[in-house]
There are 2 protein chains.
Amino acid sequence: MSNRKASVDADPADTPIDPPADPPRVAGSTGRGKGRQGDVRLNRDVVLRAALDLVDAEGLEALSMRRLGNRLGKDPMALYRYAENRDALLDGLTELLLDQWIVAKADDASSWQGQLREAAHDFRALVLAHRHVVPLLVTRPLSTPMGLRPLGALRPLEQILAVLSSAGFEPADALHAYRAYYGFLIGHILNELEEFVVNPDEDELGLKLGLHRLPKKDFPHLRELAPMLLNYDGEAELEQGITILLQGLEAQLRSAPTTD
Amino acid sequence: MSNRKASVDADPADTPIDPPADPPRVAGSTGRGKGRQGDVRLNRDVVLRAALDLVDAEGLEALSMRRLGNRLGKDPMALYRYAENRDALLDGLTELLLDQWIVAKADDASSWQGQLREAAHDFRALVLAHRHVVPLLVTRPLSTPMGLRPLGALRPLEQILAVLSSAGFEPADALHAYRAYYGFLIGHILNELEEFVVNPDEDELGLKLGLHRLPKKDFPHLRELAPMLLNYDGEAELEQGITILLQGLEAQLRSAPTTD
DNA sequence: CCGTAGCATCTACAGCGTAGAGCGATGGTG
DNA sequence: CACCATCGCTCTACGCTGTAGATGCTACGG
């Protein structure tokens, strides 16, 4: 996988975190002389958090069982007690993230529109804080058939349905509304992340040059947009979109008590 | 990677396609005695098409340089003349797909709304015919900063901008409209594919059972939807969504000739 | 004291992407 | 004709991956 850098020497995730100087694997003596860092018992949460850290810091490709194990000061195989698979571990990651998305806060007494609007912004903030996990968020569900997804990943769905339901949507309509809502959210996030350039200073040039590279007779409109692509305000764009969407839902709610 | 089946024996992609009985690698004699299948010269298109075939047939994980090479009757390393990287090969795949998405057909003299509506349905059809590529479609752009994307992948964008522009949208508004449009499209496809169950007969049970598994006091709304999740009409849902979206765009076009 | 169970580790295997060198045919130039 | 560069391809090898299976260590109930 792109080999990253080959053996430069000290890669942040290749060494345990807590004790800075300590041979991670001594082979012979199986931690008899106090395995330090390795002594803390693992549990699912610790593993998942470490995985998320690793992904946040170095991207999805950096998350291998070996590297994760190393970071926890444990043998890679130890992880399999808490995640069965690498795939399951990835599912765990999405769960860990979605679990932090609280759609209907307890003390929130605002309108359903207000709740959905706030939830959308929360979602954006949450996800932007862990951009590297986004691919998981959109691809994992494609291979896990809904009913079999981790509970934590279904809770937001349920909560949104609850909000919509108490707003007066019939079940079927609530489902449609949910799809529109979540589809929009995901679509927006993908859009925003595509626009995102890692290093603005350097990449402003890179982007312009990139677009400059386009044959100007084949891509007139696209090239004209170059300046606009550089100051993209995701927050504003989301707000604008969600407003339109909520208006649409409102209209639908007022007009037809039942559909399909 | 999930090990698939271990060595069962004849895996469809592990053997060359054309000559059914022939040791793929004889080692010693470098194809001196008429390398049959291996004699056809490769080119980028052949490689990409084979890759797409492989992915369509066996999923993304099955696409390895070695398996692809094997399928083409060539050494894996031969592919690197046409794709530099495995990543580049994946980019090539998305390009190959998006290149088939013709947004504004030459003979189409309908309204811009009509064009966008038709394009949306085309996109859906195209993508559903290659479901396994969808993850690439949504994740590859996240790691390639717009201006550096393969030209074929930018053409649809340009075409949509053209349609919007000739509809009267100012460049900035056209960009916003494009984002809403494409974002919606992607969101819908992801929604639809999540709903999709591989084997309806068997999975109808699986799905119901899956939902049945949910604690009924924590997921009342979701469980109520179980029956509805089973007859999902993607086409209709898309049509309905696109209609709303187009209405929104129309309104925006009529109200404000310029924005931001 | 001996099981017994749970956690962690060791070892090993098949597969992966790909760098680097090499090989045979082709085609242009002396 | 001989020569040599170039192209398409193959070979070999390295370091990495996920994970099956056996093995050990530690703690606890009898």
Side-chain angles (χ1 to χ4, degrees), chain A residues 1-9 11 13-14 16 23-44 46-47 51 54 58 60-70 72-90, chain B residues 1-9 11 13-14 16 23-44 46-47 51 54 58 60-70 72-90:
Chain A
M1 273 93 174
S2 79
N3 208 2
R4 294 173 359 80
K5 212 63 152 308
S7 48
V8 191
D9 208 12
D11 212 321
D14 284 350
R25 288 296 85 246
V26 206
S29 70
T30 319
R32 240 323 256 102
K34 274 297 188 51
R36 310 210 204 308
Q37 147 85 359
D39 276 2
V40 290
R41 277 283 249 300
L42 289 187
N43 63 59
R44 187 148 207 272
V46 170
V47 170
L54 184 49
E58 308 191 48
L60 266 183
E61 314 228 307
L63 178 58
S64 75
M65 303 306 260
R66 288 169 146 97
R67 302 240 290 155
L68 182 54
N70 212 321
L72 289 164
K74 288 277 192 314
D75 187 283
M77 291 311 279
L79 305 175
Y80 285 81
R81 193 160 299 272
Y82 310 99
E84 176 157 307
N85 256 352
R86 179 166 189 267
D87 278 6
L89 192 130
L90 297 181
Chain B
M1 271 77 174
S2 81
N3 209 1
R4 293 173 356 82
K5 213 59 156 308
S7 49
V8 191
D9 209 13
D11 212 321
D14 284 350
R25 287 297 80 246
V26 208
S29 69
T30 319
R32 240 324 257 98
K34 273 299 189 51
R36 309 211 202 306
Q37 148 84 3
D39 276 1
V40 291
R41 280 283 250 301
L42 289 187
N43 63 59
R44 188 149 206 271
V46 169
V47 169
L54 184 50
E58 308 190 50
L60 264 184
E61 314 228 306
L63 179 58
S64 75
M65 302 306 261
R66 288 168 145 98
R67 302 240 291 152
L68 183 54
N70 211 321
L72 288 164
K74 289 277 192 314
D75 187 283
M77 291 311 279
L79 305 174
Y80 284 81
R81 192 158 300 269
Y82 310 99
E84 181 156 304
N85 254 352
R86 180 168 187 266
D87 278 5
L89 192 128
L90 297 181

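Note that this is a predicted model, so its numbers are computed, not measured. In the text below, chain A, chain B and the rest are named by the order of the sequence lines, each starting its count at 1.
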Residue [X], side-chain atoms from C-beta onward, closest of [options]:
X: B:Y80; options: C:dG17, C:dT9, C:dG20; value: C:dG17
X: B:A78; options: C:dG17, D:dT10, C:dA8; value: D:dT10
X: A:R86; options: D:dG18, C:dA8, C:dT18; value: D:dG18
X: B:D75; options: D:dG18, D:dC11, C:dC10; value: D:dC11
X: A:L42; options: C:dT11, D:dT10, C:dA8; value: C:dA8

> Does any non-hydrogen side-chain atom of B:K74 lie less than 4.5 Å from one of B:L42?
Replying inline: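 Answer yes - side chains close enough.
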>> Could you check whether any side-chain heavy atom of A:L63 comes within less than 4.5 Å of a side-chain heavy atom of A:R67, counting everything from C-beta outward?
In response: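 No - every pair of side-chain heavy atoms lies 4.5 Å or more apart.
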Just the rounded figure in Å: distance from [atom2] of [N] to [atom1] of [X].
X: B:N85; N: C:dC16; atom1: CG; atom2: P; value: 17 Å
X: B:R66; N: D:dC16; atom1: CZ; atom2: P; value: 15 Å
X: B:N43; N: D:dG8; atom1: CG; atom2: C1'; value: 12 Å
X: A:M65; N: D:dG15; atom1: CE; atom2: C1'; value: 19 Å
X: A:R81; N: D:dC25; atom1: CZ; atom2: P; value: 17 Å
X: A:M77; N: D:dA20; atom1: CE; atom2: P; value: 7 Å
X: B:L68; N: C:dC16; atom1: CG; atom2: C1'; value: 14 Å
X: A:L63; N: D:dC16; atom1: CG; atom2: P; value: 17 Å

>> Can you tell me if A:Y82 touches the phosphate of C:dA8, counting only side-chain N or O atoms and a distance under 4.0 Å to OP1 or OP2?
In response: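 For C:dA8, OP1/OP2 do have a side-chain N/O of A:Y82 under 4.0 Å.
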> How far does CE of A:M65 sit from CG of A:N85, to the nearest 0.5 angstrom?
Replying inline: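 These two atoms lie 7.5 Å from each other.
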> Can you name the nearest heavy-atom pair linking A:L54 to A:A62, along with the distance?
Replying inline: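 So the two residues come closest at CD2-O, 3.8 Å.
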> Any idea which heavy atoms bring A:Y82 and A:R44 closest together, and the distance?
Replying inline: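 In this case the closest contact between A:Y82 and A:R44 is O-NE, 3.2 Å.
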